[in-house]
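Reading through the structure tokens given below for one structure.
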Amino acid sequence: MQDPNRTRPVRIDADRQAGTVSLEWADDHRTTFDTVTLRWLCPCAYCRGEAGQPGWLDSNPSLTPDQTRLVDMALVGSYAIQPTWGDGHATGFYTFHLLRAQCPCPVCADERARRHEDHAEIGAEDGSTPHWHGGQ
């Protein structure tokens, strides 16, 4: 079971001038995203796709400065943030779980890589193809 403090922010700072969004988590970890990375993570149906159709980000677009310029940030309940971008896009609800899972710091990136390798080894041991979201 995962520690709920890993996905409970105690401070969120959107620095528009620096182009960063930082979260301090209840477990004392700190996550900082640059706005380009954050825009690439947009989870909305337009960007990610829906009903089996690819989203706009799947086309590997070149992001313009307006598309990565943070204009505003709102809380969505107690589970997500909703950025508004310079191009007017504001439909992405970035859950705290997503933001922590995609933390770009070296420690978290190494942890994700290890989990990925461990999971790939499990499939290799029994000759099966790993099922990437929760089991074989």
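Just so you know, these numbers use all the heavy atoms, side chains as well, and skip hydrogens, waters and symmetry mates.
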Identify the two heavy atoms, one from [X] and one from [Y], that lie closest to each other, and give their separation to 0.1 Å.
X	Y	answer
D34	T37	OD1-N, 2.8 Å
C47	H89	SG-NE2, 3.6 Å
G92	P43	CA-CD, 4.2 Å
Q82	A90	NE2-O, 2.5 Å

Ignoring hydrogens and geometry, is there a side-chain-to-backbone donor-acceptor pair from [X] to [Y] under 3.5 Å?
X	Y	value
Q102	L41	no
D110	V107	no
Y94	L38	yes
R39	Q67	yes
R48	W56	no
R30	W25	no

Same cluster or not: [X] versus [Y], using hydrophobic residues (I, L, V, M, F, W, Y) connected whenever any side-chain heavy atoms lie under 4.5 Å apart?
X	Y	result
Y46	L63	yes
W40	L99	no
V36	F33	no

Verdict with supporting geometry, R8 and S78, side-chain contact (heavy atoms from CB on, under 4.5 Å) = CA-CA 9 Å; R8 185 171 54 87; S78 60; over 6 Å; no

Heavy-atom side-chain proximity of [X] to [Y] below 4.5 angstrom:
X	Y	result
H29	R100	yes
T31	P104	yes
F93	I81	no
L57	C42	yes

Side chains of residues 11-21: which donor-acceptor pairs under 3.5 Å do they make with residues two or more places apart or in other chains?
from: D15; atom 1: OD1; to: Q17; atom 2: N; distance (Å): 3.2
from: D15; atom 1: OD1; to: A18; atom 2: N; distance (Å): 3.0
from: R16; atom 1: NE; to: V71; atom 2: O; distance (Å): 3.0

message = Quick check for you: to the nearest 0.5 Å, what is the distance between T7 atom OG1 and D27 atom CG?
response = 9.0 Å

task = Tell me, please, which residues at least two apart from R69 pass salt bridge (Lys or Arg N to Asp or Glu O under 4.0 Å).
result = D66

ask   = Got a salt bridge between R6 and E111, using NZ or NE/NH1/NH2 to carboxylate O under 4.0 Å?
value = yes

query = side-chain contact (heavy atoms from CB on, under 4.5 Å) between W85 and D72: does it pass, once the steps are laid out?
reply = CA-CA 7 Å; W85 301 101; D72 197 13; over 6 Å; no

